[in-house]
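Here is how names work: the chains are called A, B, and so on, in the same order as the sequence lines, proteins then strands, and each is numbered from 1.
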Amino acid sequence: MSARDLLLPLIAVLVLAGLAFSGLSGTLLNLLIFMMIISLAAQGWNILGGFGGLSSFGHAAFFGTGAYTTLILQTSLGVNAWAGLVAGVLLGAAVGAGIGFLSFRSGLKGSYFALITLAFAEVLRIASNSAPITGGAAGILLPLDYGFLNLQFDDRRWFALIAILFVGAALALTRWLERSRFGAYLIAIRENEQAAQALGVDVFRVKLGAITLSAGCTALAGVLYAQNYLFVDAHVAYGPWISIEALFAAIVGGLGTMFGPLVGAVALLGLGEITKMVSGGVPGVDLLVFGAILILTVAFVPGGLMSLRQRLTGRRRPRGETALRSEEGA
Amino acid sequence: MYSPLIVAEALLNGLMLGAVYALIALGLTLIYGVLHIVNFAHGALLTVAMFGVWLLAEHLGVDPYLSILIMAPAMFGLGYAAQRFVIGPASHGSDNSILLVTLGLSIIIENGLLAGFRSDTRTIDTDYAFQVVELGPLLLSFPRVVGLFVALLSALVLWAILERTDVGRAIRAVAKEKLGAALVGIEVSHVYAVTFALGCACLAVAAALLMPVFYVSPTTGRAFVLVAFTIVVLGGMGSIVGALVGGLLIGVVEAACSLFFGDSLGQIGIFVIFILVLLFRPTGLFGARQ
């Protein structure tokens, strides 16, 4: 990976940061922050589901672990928010490694993998709803206390900027995945596991690495969510909603692409807001539209929004793939 | 410790709830066995059927048990259309796409119901909801006794359809050898849709059996999805006998866990079984192949 590879993530960060500081209203700024959080969760999902071809229905397990870890550490041990963030990401990654170790050792993939991840998330949800350490059904509230060390800002633009920087880091991570040997192994496993194994790829370890990275990234989204709303309970942390939104954004945006999850999150949540406005706040209408879009995407645009762009530019530029590559790298 | 009588009653009640679980799982396992797809929308379709039963009782005064006669054909039609016109064409036959399309379908259904009915829980009042049947020293809830018998009867009917009719023969042929079945003139996409429809008809019966003792809200089906998957995996994906035995077993396990650990942890028992079976015996108790 060269410095040139980092150019696109950098541009994305600059554009988003410019947007955050362009005088957005409070509502729009909140929406932007939420988009960044979902995008991070989706970027995590994309590492495993997009590059590795392993669809998880239970990324809430990692999201929730990140969210709970940082809030528990801050409220009961008085740890500062940044240490909480690091601990949340590490613990989320560890949960991912644990689930991955068990599932991949048993050779689970496809529907079986989707179902077992969902089951793990549900176990965590039910357990955290009754365990004392997670505050039971009442959840955990983080007291309002502005300051950089507390990762709470009076001016919410700073929080948006931090979220955007993390999204940029995740973009760079994805770019590395596209360029690195590890990423190539992972894609090889997605395309044909047996062939990859025959060529000497250590399938188990590569998958384990992928789910650990993926879980860490999604756990970071959970940490930011908890930090942004200063609250977490069992439904928010481990509920199916986040597993579904992460999966939606990644698939609609474009599986296995660097910008897919970000584009998907922005497009879906933007559309969700518009639907809510148009329908006058009837509950569920935005998710109804998401469901329809998921089916339409799978049916007609399996490559997601990113493939749409490639199709268009591909038509304008007859040189196709090479033209795209140089354009992306420039 | 609880007295043996209470334990026996709880376990028997669990067995009867398990029969309804088994019926839900039966539809799921049938669909898996023939189409080789994991129907993630199964829970949402159950919710649709339960709302159907509720609407009939609320507005037309139809008894929940009698509504089977209306809801079973209705759900059969809905299931046929869903597979023939949405799931089949949209997923291009890939395992992952089918999973995602049925997930999308379940989200559409759940939120469609949420938009239409809001998140209130609804129940049906019947004269017999709290009646009990005396069996020696044991007192058993009447709706659950009905549930046990109707569920077993439905399983028998399903078995008869599969074993004794032409449609059943076609379904079994497609399950065994899709290409061969197509070559002898069986229309595979039609058989797929009929199978899916039969699975949905099972849901209609299950919904009618559940409504006198349970409530319905747009997310009710969710609670049953994982239970049904657990049963299907436990019994062996695609195995009808497995679904029956698995359903009864899970019902008893849930009743036992709820009795000893409380309601919410009773559910954990089910998920733990699910995870353990998937990890250590993914072919289940009766499944031949993975």
Tell me, do [X] and [Y] make a side-chain contact under 4.5 Å, heavy atoms counted?
X	Y	result
A:Ile126	B:Phe271	yes
A:Val298	B:Asn96	no
B:Phe40	A:Leu118	yes

Rounded to the nearest 0.5 Å, what separates atom [atom1] in [X] from atom [atom2] in [Y]?
X	Y	atom1	atom2	result
B:Phe280	A:Leu102	CZ	CG	7.0 Å
A:Glu122	B:Phe274	CD	CZ	11.0 Å
B:Arg281	A:Ser106	CZ	OG	13.5 Å

Problem set entry | Stepwise side chain to side chain contact (heavy atoms under 4.5 Å, CB included) test for A:Leu288 and B:Ile107 | CA-CA 6 Å; A:Leu288 190 113; B:Ile107 288 164; over 6 Å; no
Proximity breakdown for [X] and chain B, heavy-atom pairs closer than 4.5 Å:
X	value
A:Leu296	neither
A:Phe120	both
A:Ile251	side chain
A:Leu294	side chain

For this session: Identify the two heavy atoms, one from B:His92 and one from A:Ala299, that lie closest to each other, and give their separation to 0.1 Å.
Result: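 Looking at all heavy atoms of both residues, the closest pair is NE2-O, 2.7 Å.
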Problem set entry | For the student: nearest non-hydrogen atoms of A:Ser111 and B:Val38, plus distance |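 Residues A:Ser111 and B:Val38, closest heavy atoms: CB-CG2, 3.3 Å.
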For chain B, which of [options] has the most heavy-atom pairs under 4.5 Å?
options	value
A:Leu287, A:Val282, A:Val123	A:Leu287
A:Thr297, A:Asp286, A:Ile295	A:Ile295
A:Phe300, A:Phe57, A:Phe290	A:Phe57

Seminar exercise, completed: Per-residue tally against chain A (heavy atom, under 4.5 Å) across B:Ile87, B:Thr230, B:Ile98, B:Leu278 peaks at B:Leu278
For this session: Could you check which of B:Leu279, B:Val233, B:Leu99, B:Ile109 has the highest count of heavy-atom pairs closer than 4.5 Å to chain A?
Result: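 When all of B:Leu279, B:Val233, B:Leu99, B:Ile109 are compared, B:Leu279 has the most.
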Exercise. B:Leu105 versus chain A, heavy atoms under 4.5 Å apart: side chain, backbone, both or neither?
Worked result: both
Problem set entry | Engaged part of B:Ile108 at the chain A interface, taking heavy atoms whose separation is under 4.5 Å |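 Looking at B:Ile108, backbone and side chain both touch chain A.
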